[in-house]
Amino acid sequence: MPELPEVEVTRLGFASAIAGARIVAVRMGKPLRWPLGCEPVSLSGQQVHTVRRRGKYLLLDVDQGILLLHLGMSGSLAFTADPGEPGKHDHFDLHTSAGVLRLHDPRRFGAAVWVPGEDSPQARKLLGHLGVEPLDAGFDLSAFCTAMRQRIAPVKQVLLAGEVVVGVGNIYASEALFQAGIRPTTRAARLSRPRLARLHHAVRDVLTRAVAKGGSTLRDFSNTQGESGYFQLEAMVYGRAGQPCKVCDTPIRSIRQGQRATFFCPQCQKA
DNA sequence: AAAAGCCCCTGGATGC
DNA sequence: TGCATCCAGGGGCTTT
C-alpha cells in the first residue's frame, strides 16, 4: 500500500507525539520480513528522539541506534494510548510512555529492524542504494536528467526502482507519468531534457498533493488515527483501465511491466 | 553497472 | 457457504 505519501502521512501522525517518550516494552507477533536485529528487551528504557523518513522507511532515533520501520505492501501503523489486545495481524508493538505504536501488516512484507547507526552495514544494506528524496531541495533537475540518461529501462520501472528518486511506487509512478504526458514504456535514456523537466516537476507535484490529501486508501491504508486518505479519488489513470481519460475521454489502458500493473492514456501519453 | 525474474505472505474478488 | 485462480500500494536477492 504505502508509497512516500502514505509513509509521510504516517510519520506526521505520530512523530511529535512519540518524541521524547521512553520505550517501556516491545511485543513481537509473527515474523516480519527480517528479524529485529536485537533483543527486544534491550530497547526498553531507551528514549525515542525523532522520527524521520527515508524513502518508504521510517527511522526512529533511539538512545542506542535507530529503529527502522517499513510498511511493505499491506502495513499500517496506529499510535494510541490504549490499543487493546493485538489482533492476528498486529505483529509489532512499541509500548512507550506516550502510547503504543502498533504495526498491523497482514502480508508481513513490512519490517521492524534495529540498526546500530545510519552508517552501519545493516543500515547501508537497506538504505545505501536509495536515490534522492523528491520533496527535498536536493531533488535537482540536472542531476535527475544525468541519472535518467544512464537508464535504458522503461521510465516507469526506473521510477519504481527507487535508485534515482525514492518514494514513487506503483500508483504515483503511473500518475506522475500521466501528468508529464510520458508513455510509461519509453526508455528513460531517450527522454529529452524538457520532458524530463516535466517529469521532475510531476513527481514532486503528485507526491506533494497526495500528502496533502492524506495519501491514497485503495484497500487498507489508514493513518495513525485509523483514518483513510483521499488522493485515490483524484487518480487520473491508476486503477481506471477501460474508463475514459479525464482529459480526453480516450479509454485508459492497463499493461504489465515487471509483474506490476501500469495505467496510462494512449492519447495523452503518446511517447 | 544495469536489467529482468523470483520470491516472501495473506486475503479479497472472481469464476466454475 | 466449496474450490481454483488471479491480483494487490514493496523491494531485496539472484541471475543474466
Practice task
Evaluate the side-chain proximity of A:Asp105 to A:Phe92: yes if any heavy-atom separation is below 4.5 Å, no if none is.
Solution key: no
Problem - Between C:dG10 (P) and A:Leu4 (CG): distance, integer Å - result: 11 Å
Exercise for the section: Kindly give the heavy-atom pair with the smallest separation between A:Glu8 and A:Arg11, and that separation in Å. Expected result: OE2-NH2, 2.9 Å
Problem - Those residues that, when tested against A:Phe139, pass ring-ring contact (aromatic ring centres under 6.0 Å, His included) (two or more places apart) - result: A:Phe144, A:His200
Exercise for the section: Give A:Tyr172 one of three labels, base, sugar-phosphate or nothing, depending on what nucleic acid heavy atoms sit under 4.0 Å from its own. Expected result: nothing
Practice task
Assess whether atom CZ of A:Arg52 is packed by more than 12 heavy atoms of other residues, nucleotides or ligands within 6.0 Å.
Solution key: yes
Practice task
Rounded off to whole Å, could you give me the CG-to-P distance for the A:Asn170 and C:dC7 pair?
Solution key: 13 Å
Handout entry: Sub-4.5 Å side-chain heavy-atom contact between A:Leu4 and A:Leu135
Key = yes
Problem - Nearest-angstrom distance from the residue atom CZ of A:Arg54 to P of C:dG10 - result: 16 Å
Practice task
Side chain of A:Lys56 only, please: which of C:dG11, C:dG9, C:dG12 is the nearest?
Solution key: C:dG11
Exercise for the section: Sticking with atom C1', work out how far C:dG9 lies from B:dA3, rounded to a whole angstrom. Expected result: 23 Å
Problem - For atom NZ of A:Lys125 and atom P of C:dG11, their distance in whole Å - result: 14 Å
Exercise for the section: Return the set of residues passing side chain to side chain contact (heavy atoms under 4.5 Å, CB included) with A:Ala189 (not counting sequence neighbours), or none when no residue passes. Expected result: none
Problem - Whole-Å gap separating P (C:dA8) and CG (A:Asp105) - result: 18 Å
Exercise for the section: Tell me whether the OP1 or OP2 atom of C:dG11 has a side-chain N or O from A:His129 closer than 4.0 Å. Expected result: no
Completion exercise
In numerical order, the residues of residues 153-166 of chain A whose heavy atoms come under 4.0 Å of DNA chain B are A:Ala153
Handout entry: N/O donor-acceptor pair under 3.5 Å between A:Asp140 side chain and A:Ser142 backbone
Key = yes
Practice task
Determine yes or no for a side-chain-to-main-chain donor-acceptor pair under 3.5 angstrom, with A:Asn223 supplying the side chain and A:Gln225 the backbone.
Solution key: yes
Exercise for the section: Tell me what A:His91 touches on the nucleic acid: a base, only sugar-phosphate, or nothing, going by heavy atoms under 4.0 Å. Expected result: nothing
Practice task
Could you please spell out the steps behind the side chain to side chain donor-acceptor pair (under 3.5 Å) verdict for A:Arg240 and A:Ser254?
Solution key: CA-CA 8 Å; A:Arg240 300 192 64 245; A:Ser254 171; over 6 Å; no
Handout entry: Nearest-angstrom distance from the residue atom CD of A:Glu6 to C1' of C:dG10
Key = 12 Å
Exercise for the section: Could you check if a side-chain atom of A:His91 sits within less than 4.5 angstrom of a side-chain atom of A:Leu103, using non-hydrogen atoms only? Expected result: no
Practice task
Mind calculating the distance between CG (A:Leu218) and P (C:dC7) to the nearest angstrom?
Solution key: 16 Å
Problem - A:Phe231-A:Tyr172 aromatic ring centre distance below 6.0 Å - result: yes
Problem - Dot-bracket summary - DNA chain B, pairs being Watson-Crick or G-U whose distances fall under 3.5 Å, with | when paired to another strand - result: .|||||||.|||||||
Practice task
Pick out which of A:Thr185, A:Ile182, A:Ile255 makes a side chain to side chain contact (heavy atoms under 4.5 Å, CB included) with A:Phe264.
Solution key: A:Ile255
Practice task
Could you measure between the two P atoms, the one in C:dC7 and the one in B:dG5, and give it in whole Å?
Solution key: 16 Å
Fill in the blank from the handout: Expected list for residues 253-261 of chain A near DNA chain B, using heavy atoms below 4.0 Å, is A:Gln259
Problem - P gap between C:dC3 and B:dC9, integer Å - result: 23 Å
Handout entry: Check: A:Asp63 and A:Arg22 side chains under 4.5 Å, non-hydrogen atoms
Key = yes
Problem - Same cluster (ILVMFWY, side-chain, under 4.5 Å), A:Tyr238 and A:Phe178 - result: yes
Practice task
Would you indicate what A:Phe231 reaches in the nucleic acid, counting non-hydrogen atoms under 4.0 angstrom: base, sugar-phosphate, or nothing?
Solution key: nothing
Handout entry: Interatomic distance where NZ belongs to A:Lys213 and P belongs to C:dG9 [whole Å]
Key = 23 Å
Handout entry: B/S/- contact track for nucleotides 8-13 of chain B, protein heavy atom under 4.0 Å
Key = BBBS--
Handout entry: Pair A:Glu118 + A:Arg54: basic N to acidic O under 4.0 Å
Key = no
